[in-house]
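Numbered from 1 within each chain, the chains take letters A, B, ... in sequence-line order. Hydrogens, waters and symmetry mates are skipped; everything else that's a heavy atom, side chains included, is used.
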Amino acid sequence: MYLKSLTLKGFKSFADRSRLSLEPGVTVVVGPNGSGKSNISDAVLWVLGEQSAKALRGNAMEDVIFAGSSARQAVGVAEVDLVLDNHDGQLPIEFSEVTITRRMFRNGESEYLINQTPTRLMDVQELLHDTGLGRDTHSIISQGRIDEILNSRPEERRALIEEAA
Amino acid sequence: MYLKSLTLKGFKSFADRSRLSLEPGVTVVVGPNGSGKSNISDAVLWVLGEQSAKALRGNAMEDVIFAGSSARQAVGVAEVDLVLDNHDGQLPIEFSEVTITRRMFRNGESEYLINQTPTRLMDVQELLHDTGLGRDTHSIISQGRIDEILNSRPEERRALIEEAA
Amino acid sequence: VRDRFLETFELVDHHFQDIFALLFPGGQASLILTDPDEPETTGVEVAAQPRGKRLQKMSLLSGGEKSLTALALLFAVYRTRPCPFYILDEVEAALDDTNLRRFITFVDSLRAHTQFIVVTHQRRTMETADVLYGVSMQADGVSKVVSQKIERATAEATSS
Amino acid sequence: VRDRFLETFELVDHHFQDIFALLFPGGQASLILTDPDEPETTGVEVAAQPRGKRLQKMSLLSGGEKSLTALALLFAVYRTRPCPFYILDEVEAALDDTNLRRFITFVDSLRAHTQFIVVTHQRRTMETADVLYGVSMQADGVSKVVSQKIERATAEATSS
Ligand SMILES: Nc1ncnc2c1ncn2[C@@H]1O[C@H](COP(=O)(O)OP(=O)(O)OP(=O)(O)O)[C@@H](O)[C@H]1O
Ligand SMILES: Nc1ncnc2c1ncn2[C@@H]1O[C@H](COP(=O)(O)OP(=O)(O)OP(=O)(O)O)[C@@H](O)[C@H]1O
Ligand SMILES: [Mg+2]
Ligand SMILES: [Mg+2]
């Protein structure tokens, strides 16, 4: 299983539909300060079910929706599609490719879809349960957060072991 | 007025007496990870009167005394001398050069000296009062602390304006 | 549950010791349970000792030593329980050239069976890419992505 | 006291606007009192708007934008009330090449009347040194310093 593609539309600074198609191995993301690199890793956290606006550097979850710029109007919805390759059947689902979609509207409503079928957050979390990609996963290290593992209290570090269990 | 020299002996990883003689203009400090660069900026904070062990990355103030290494025994005292050039008479003292010394012993006792004369912390702080080098000065930015200015609460930021007043 | 936690702890600790020794040649480290009699609630302490140094409190480690120790711990968890992919956002910003090379060599050793997405400003890290994505933002404040596949085979041939 | 605070606030804000425009060409920023009627207790908010972007919450700024904005604010305070010396420990670690150059150009513009002690791993920052100090630690775990005076005049002559 690996991350096959990621599509952002109206998510943070990605006003227009942007798609990253990915391969196994090492993909390196580069670009100037403020261009949108960390917004991509926020998009992955978000589509996997992140519930805390603060973990996505915002104050309210609406902060993930493109808020406008000097030349563009704000949009009303943020959408991220994450496609996992499931040829090895690791995900408990019949498909060889699984698309997880999350949408958020200005009125605060959030939608989740698995392979275009509306579903609930719980179902997404259930699907990902054995992959280690659940809540508070350590497989995604946001910018500036690498030292938190050592600065946290010993009781908090046990979560690392539990995640690996 | 400028920083003319800094001497460390038994302070953190500087077991042996080490002296940096400095000039106006830009001095750049380089070296591998863990070699002792940030310990130098800790030494300056400490000799100017820093009272918080945590601000010097320790748990107790004794953590500033060389604790030993694979090849060396721990020492019993840490000492830092800071020499300021005072030709412009900015410091309210008769000398054209002012040496501030701080010593710390394993039993927790701390000594301050101005030009080799024993004095109290209060006198050091009094001497430096108008220079902006007092407690919580923003003229020394420790590693990893640059973003704290923006991440702090608005009430805390007013200290920046008060410092400049 | 108790046994599972202890079993996993032993495994992560074992991998942590190995990987720390790779990233800090001549150094040693281990994980310690703060309360071994209570596996349900015990905390986990990290003891790290770079070459030539005494065992110190974690807080006295330098910026780069802390990042590299945290990376060793993360990789130990990844080795214990592999994930489909990993995203590392400027995790190597505090490393000097030597440690950066060790970090890159370690990531490189996992390339064949792991997917990494690495955000960086470091030229050396960019050179390890199979695929390079450039993110840009024009004066209109909107992000765009542009990708470039790097033929590693050719890249390797021309640089050796 | 009230007047002194307000006077200083105006001055720092004025310098902050100037310096921000230097570090973020095409951008603008300012300081805002959260409670202008209460100068004794009011907080200070920072509004920063890089080129092409809407005024956003500070928390949404990127890592590099935050560092550079913080530096602009610090330099504004320094300009308002100069100190005998400044120590900056890896403050430019999050900056990309373009912003690093702007930061260095700004530090360079103060060189004649300010003393900076800058700790860095960035090659470009090293090149701005009048004096370079190397800190090393041998296998015995003890730090040593070695200094090298760089003849800037010759350095400048040979590089132009
Ligand atoms: N909802 C939103 N609408 C519009 N723009 C947004 C939104 N949320 C964040 N941004 C913009 O995204 C930018 C930050 O992007 P990001 O943090 O991804 O940068 P980066 O490429 O990681 O930069 P760095 O190299 O400095 O870390 C900010 O300038 C911010 O204005
Ligand atoms: N009291 C002490 N006795 C002995 N060694 C100490 C003491 N306090 C700190 N150290 C050592 O100093 C080292 C850290 O030094 P410092 O933080 O200055 O490194 P640095 O050069 O800034 O590195 P980096 O580039 O990673 O930031 C640690 O490895 C620690 O073991
Ligand atoms: Mg970023
Ligand atoms: Mg350091």
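- Contact count versus chain B (heavy atoms, under 4.5 Å) is highest, among C:D97, C:L61, C:L95, C:L68, for C:L95.
- In this structure, C:K57 and B:N59 approach most closely via the heavy-atom pair CD-ND2, 3.0 Å.
- No more than 12 heavy atoms of other residues, nucleotides or ligands shown are found within 6.0 angstrom of NE2 on B:H87.
- With a 6.0 Å radius and a threshold of 12 heavy atoms from other residues, nucleotides or ligands, C:R51 has its CZ atom at or below the threshold.
- Counting non-hydrogen atoms of neighbouring residues, nucleotides and ligands closer than 6.0 angstrom, the CD atom of C:E40 exceeds 12 such neighbours.
- The nearest pair of heavy atoms linking C:L60 to B:L56 is CD2-O, 4.5 Å.
- Note: C:R54 CZ to B:S69 OG = 7.0 Å, rounded to the nearest 0.5 Å.
- Contact detail for C:S59 and B:G58: the closest heavy-atom pair is OG-CA, 4.1 Å.
- Taking CD of B:Q143 as the reference point, atom NZ of C:K66 lies at 9.0 Å (rounded to 0.5 Å).
- For C:Q56, the part lying under 4.5 angstrom from a heavy atom of chain B is the side chain only.
- Residue-environment remark: CD (B:E126) stays at or below the threshold of 12 foreign heavy atoms within 6.0 Å.
- Along residues 14-46 of chain B, the residues that come nearer than 4.5 angstrom to chain C, judged on non-hydrogen atoms, are B:P32, B:N33, B:G34 in order of number.
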